Amino acid sequence: MSQRSRKRASRYDPLHIGWPLWIVSGSAIFFLIAPVLLLIPMSLGSAEIIEFPPSKIGLDQYRKFFNHPAWQSAVLNSLQVSVMTAGFSTLLGLLASLGLVWGRFKGKGLINAFIISPMIVPLIVMALAFYISLAKFGLLGTKLGLVLAYTPLTLPFSVLPISATLRGFDRSLENAARILGASRLQTFMKVTFPIIRPGVLTGAIFAFMIAFDEVVIALFICGSTAVTLPKKMWDVIRYEIEPMLPAISTLLLLLAAFILVLVGLLQQRITRRMTAG
Amino acid sequence: MEAAENIMPVESASGSLWHRPAFKQFILVVPALLALFLLFVYPISSILIKSLFSPEFTLKHYLYFLKTPLYSRVLWITFQISVLSTLSALVVGYPIAYVLRRARPGVRNFFLLAITLSFMISLLVRNYSWIIVLQRSGVVNSVLTYLGLIDSPFKLLHNKLGVMVGMTHIFVPYIVFPIYSVMMGIDLNLEKAAQNLGASRWQTFWRISFPLSLPGIGAGALLVFIMALGFFITPALLGGRKEQMISNLIQIQVVDLLNWPFASALSVILLLATLVVFAIYNRYLGVERLWGGVKT
């Protein structure tokens with residue numbers, strides 16, 4: 001080996017990041033986040049058109065949004081549908097995870113794959129499938145129809161965090177509770193569930209977020225009687241110029257940031273409980 | 001709770017079916033299975049039936065699809081946009097993953113926060129933000145005009161550029177996370193060894209770091225490609241008439257033309273294409289990667 005390459009090798013630091021790479025990765029991050037953050041200043045414009053930069057600054061668009069009956073009913077519909085979906089899919093997901101993680105029966109792998117499979121079916125296919133089958137039962141344009149459609153869609157996302165938490169749960173704690181005289185139900189309610197609760201909540205939050213943001217299936221099923229927030233936003237983005245949209249987007253941005261913090265806190269609690277338990 | 005059954009050797013396995021622990025554990029899965037049969041298998045089968053029976057068995061909707069040149073073009077555009085947006089997401093995402101692996105915790109956390117936030121924000125909002133940026137009177141055109149660099153605004157929206165930008169933006173996080181997790185498993189001493197043996201920085205990357213990160217690239221790219229094939233929102237909002245993909249064709253057939261059987265046939269074709277790509281994914285990478293590499 002030559003003297004030169006030896007010298008270079010001794011100086012080599014695998015963690016070193018050269019300035020071209022900083023520029024490339026920095027611009028990539030800018031590309032990801034800048035357009036969305038730009039909506040915040042845009043939301044403060046008071047004019048009837050969307051302009052950049054906004055000429056008059058104020059909170060008019062937010063005020064308008066909170067006093068607009070059609071938008072408020074869309075928000076309410078979305079909340080109802082998403083909460084029901086999250087509840088339904090978390091309950092099914094919790095039961096299934098308990099069986100799949102702790103059970104010993106044949107075909108577990110297959111059932112697991114089956115529960116995950118709605119993840120890979122294109123949304124438009126699901127939308128048409130529900131459009132055709134809900135029409136048969138007169139459930140188009142109803143919130144129940146939306147909840148039914150969102151349940152298989154969100155099930156994988158509630159099962160995954162719940163299963164992950166259950167795998168890290170130390171079952172000797174249950175043994176201890178049983179030896180001390182607790183019934184099975186008591187053991188589950190007082191020992192098992194409190195410990196796995198952060199995982200269950202994470203699953204519920206994921207299911208809520210997916211249902212709250214879903215638009216493709218909503219386009220087919222909402223009709224004009226169960227319009228959700230994403231469906232209403234879609235119509236407005238597609239067919240009109242609506243100066244309220246940046247403000248609505250900013251509120252959704254804040255929701256995403258809030259959820260991010262919430263999931264982060266829950267994640268911390270899971271690791272703490274698992275290491276402490 | 002039935003799930004707690006197997007912690008205590010209380011019941012004998014020889015009792016009736018109802019008293020076997022394995023059966024009680026299986027009961028817990030039944031509600032989810034019932035829901036999936038009713039709300040997933042049944043609706044999907046109903047489009048299959050709709051595409052094949054009207055009312056007696058026929059393949060005419062599939063033949064119509066094959067015979068009409070317009071539809072083969074839509075299929076080709078779908079494939080083209082899917083490949084291109086997967087590649088551009090790789091180009092944007094790979095450097096991020098590379099830097100994430102090597103950066104100090106402060107920078108790493110900032111990058112991770114930005115990616116996760118972008119990932120969590122509503123899909124509609126992300127697409128809408130690009131309309132604001134790229135439209136005729138949008139941010140890019142306003143800034144360029146203000147600086148005196150252009151006289152008339154560029155057409156950046158309702159064309160392939162708009163679709164590519166919007167889809168890349170959505171796919172980057174799906175590319176970064178699998179590559180980053182594979183990179184975390186690579187021993188950086190291998191790079192030191194390569195340098196010791198006389199390799200340049202560039203050679204070290206192409207011969208050592210890059211090949212070792214290939215499983216992550218494969219996982220991310222196939223996942224994104226599967227999503228891209230059925231993508232609907234971005235081509236509808238940011239694309240023009242020439243960028244409409246198979247999903248958009250399905251929507252037009254249902255909503256505007258009320259041609260359910262043909263829309264069903266298109267859906268079956270899209271679903272089959274997706275399943276083929278997924279089978280490749282499963283064959284080479286294993287389905288476990290879809291949920292973060294946790295084996296069950």
Side-chain angles (χ1 to χ4, degrees), chain A residues 1 5 9 12 14-15 17 21 24-25 28-29 32-33 35-36 39 42 52 92 95-96 98-100 102-105 111-113 115 118 120 122 124-125 128-130 132-133 148 151-152 160 164 171 174-175 178 184-185 187-188 213 215-216 230 233 237 245 249 252-253 256-257 259-260, chain B residues 1 3-4 7-8 22 25-26 28-29 31-32 35-36 39-40 42-44 46-47 50 92 95-96 99 102 111 114 116-118 120-126 128-130 132-133 139 142 172 188 191-192 195-196 198 226 230 232 237 247 250 254 263 267 270-271 274 278 287 291 294 296:
Chain A
M1 194 192 299
S5 70
Y12 180 74
L15 296 179
I17 302 163
L21 197 54
V24 172
S25 61
I29 292 289
L32 279 186
I33 210 76
V36 195
L39 289 166
M42 300 291 283
F52 178 82
L92 292 174
L95 292 176
L98 287 168
L100 285 171
W102 289 343
R104 283 181 217 136
F105 49 87
I111 294 174
N112 234 320
I115 289 179
I120 59 155
I124 192 84
V125 175
L128 179 62
F130 276 103
I132 291 174
S133 32
L148 292 179
T151 301
L160 296 180
R171 298 203 72 193
E174 287 182 336
N175 275 331
R178 293 298 303 279
R184 282 206 184 96
L185 188 65
T187 307
F188 182 79
D213 186 38
V215 68
V216 183
M233 286 176 68
I237 294 175
L245 266 179
S249 303
L252 287 174
L253 185 78
I259 299 279
L260 193 66
Chain B
M1 207 69 203
I7 58 163
M8 300 226 139
Q25 291 152 355
F26 179 72
L28 288 167
V29 187
L36 281 181
L39 302 173
F40 180 60
Y42 167 71
I44 297 284
S46 68
I47 51 172
K50 189 124 232 152
V92 177
I96 299 182
V99 168
R102 285 145 219 267
F111 272 34
T116 322
L117 186 64
S118 154
M120 300 280 278
I121 295 165
S122 149
L123 273 176
L124 272 180
V125 169
R126 276 185 276 169
Y128 175 64
S129 71
W130 283 110
I132 295 279
V133 172
V139 177
S142 306
V172 166
L188 290 178
E191 294 184 4
K192 275 193 182 159
Q195 296 264 331
N196 259 323
I226 289 173
F232 172 79
L237 290 180
S247 303
I250 294 172
V254 175
S267 300
L270 173 59
L271 186 58
T274 310
F278 183 70
V287 72
W291 56 93
V294 185
T296 42

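Sequence lines set the chain letters: A, B, ... in the order given, protein chains first and strands last, and positions in each chain run from 1. Here the structure is a predicted model, which means the values were calculated and not measured.
Contact of B/Ser122 with chain A is made through backbone and side chain together, with heavy-atom distances under 4.5 Å. At a 4.5 Å heavy-atom cutoff, the contact between B/Val133 and chain A is made by side-chain atoms alone. Proximity to chain B (any heavy atom under 4.5 Å) is restricted, for A/Ile17, to the side chain, taken from C-beta onward. With a 4.5 angstrom heavy-atom cutoff, A/Ile111 touches chain B only via side-chain atoms.
Of all heavy-atom pairs spanning A/Val125 and B/Ser267, the tightest one is CG2-O, 3.7 Å. Counting all heavy atoms, side chain and backbone alike, A/Phe130 lies closest to B/Leu39 at CZ-O, 2.8 Å. Heavy-atom minimum distance, A/Ser25 versus B/Val99: OG-CG2, 3.4 Å. The heavy-atom pair separating B/Ile47 from A/Ala129 by the smallest distance is CG2-CA, 3.7 Å. Residues B/Gly230 and A/Ile124 share a closest heavy-atom pair of O-CG2, 4.5 Å. Counting all heavy atoms, side chain and backbone alike, B/Leu124 lies closest to A/Pro230 at CD1-O, 3.2 Å.
Most heavy-atom pairs under 4.5 Å with chain B, from the set A/Ile33, A/Ile115, A/Leu128: that is A/Leu128. Annotation: maximal heavy-atom pairing with chain B below 4.5 Å, among A/Leu260, A/Leu92, A/Leu32, occurs at A/Leu32. Your options are B/Pro31, B/Ala263, B/Ser46, B/Ser247, and the one with the most heavy-atom pairs under 4.5 Å with chain A is B/Ser247. Note on A/Thr151, A/Leu39, A/Ile259, A/Leu100: by heavy-atom pairs under 4.5 Å with chain B, the leading option is A/Leu39. Among A/Pro14, A/Ser249, A/Ala28, the residue with the largest count of heavy-atom pairs under 4.5 Å with chain B is A/Pro14. Per-residue counts of heavy-atom pairs under 4.5 Å with chain A were compared for B/Val139, B/Leu271, B/Leu188; the largest is that of B/Val139. When each of A/Leu253, A/Ile237, A/Val24 is checked for heavy-atom pairs under 4.5 Å with chain B, A/Ile237 comes out on top. By number of non-hydrogen pairs under 4.5 angstrom with chain A, the leading residue of B/Glu191, B/Arg102, B/Lys50 is B/Arg102.
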Evaluate the criterion side chain to side chain contact (heavy atoms under 4.5 Å, CB included) for residue pair A/Phe105 and B/Val29; output intermediate values, then yes/no. CA-CA 11 Å; A/Phe105 49 87; B/Val29 187; 3.8 Å; yes

Check the pair A/Val215 / B/Phe232 against side chain to side chain contact (heavy atoms under 4.5 Å, CB included), numbers first and verdict last. CA-CA 10 Å; A/Val215 68; B/Phe232 172 79; 6.0 Å; no

Working for side chain to side chain contact (heavy atoms under 4.5 Å, CB included), residues B/Leu123 and A/Asp213: CA-CA 7 Å; B/Leu123 273 176; A/Asp213 186 38; 3.9 Å; yes

What do the steps show when you test B/Ile121 against A/Leu252 for side chain to side chain contact (heavy atoms under 4.5 Å, CB included), and what is the final call? CA-CA 7 Å; B/Ile121 295 165; A/Leu252 287 174; 5.9 Å; no

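Rounded to the nearest 0.5 Å, atoms CD1 (A/Ile120) and CD1 (B/Ile226) are 6.0 Å apart.
Using a 4.5 Å heavy-atom cutoff, the side chains of A/Pro35 and B/Ile132 are not in contact.
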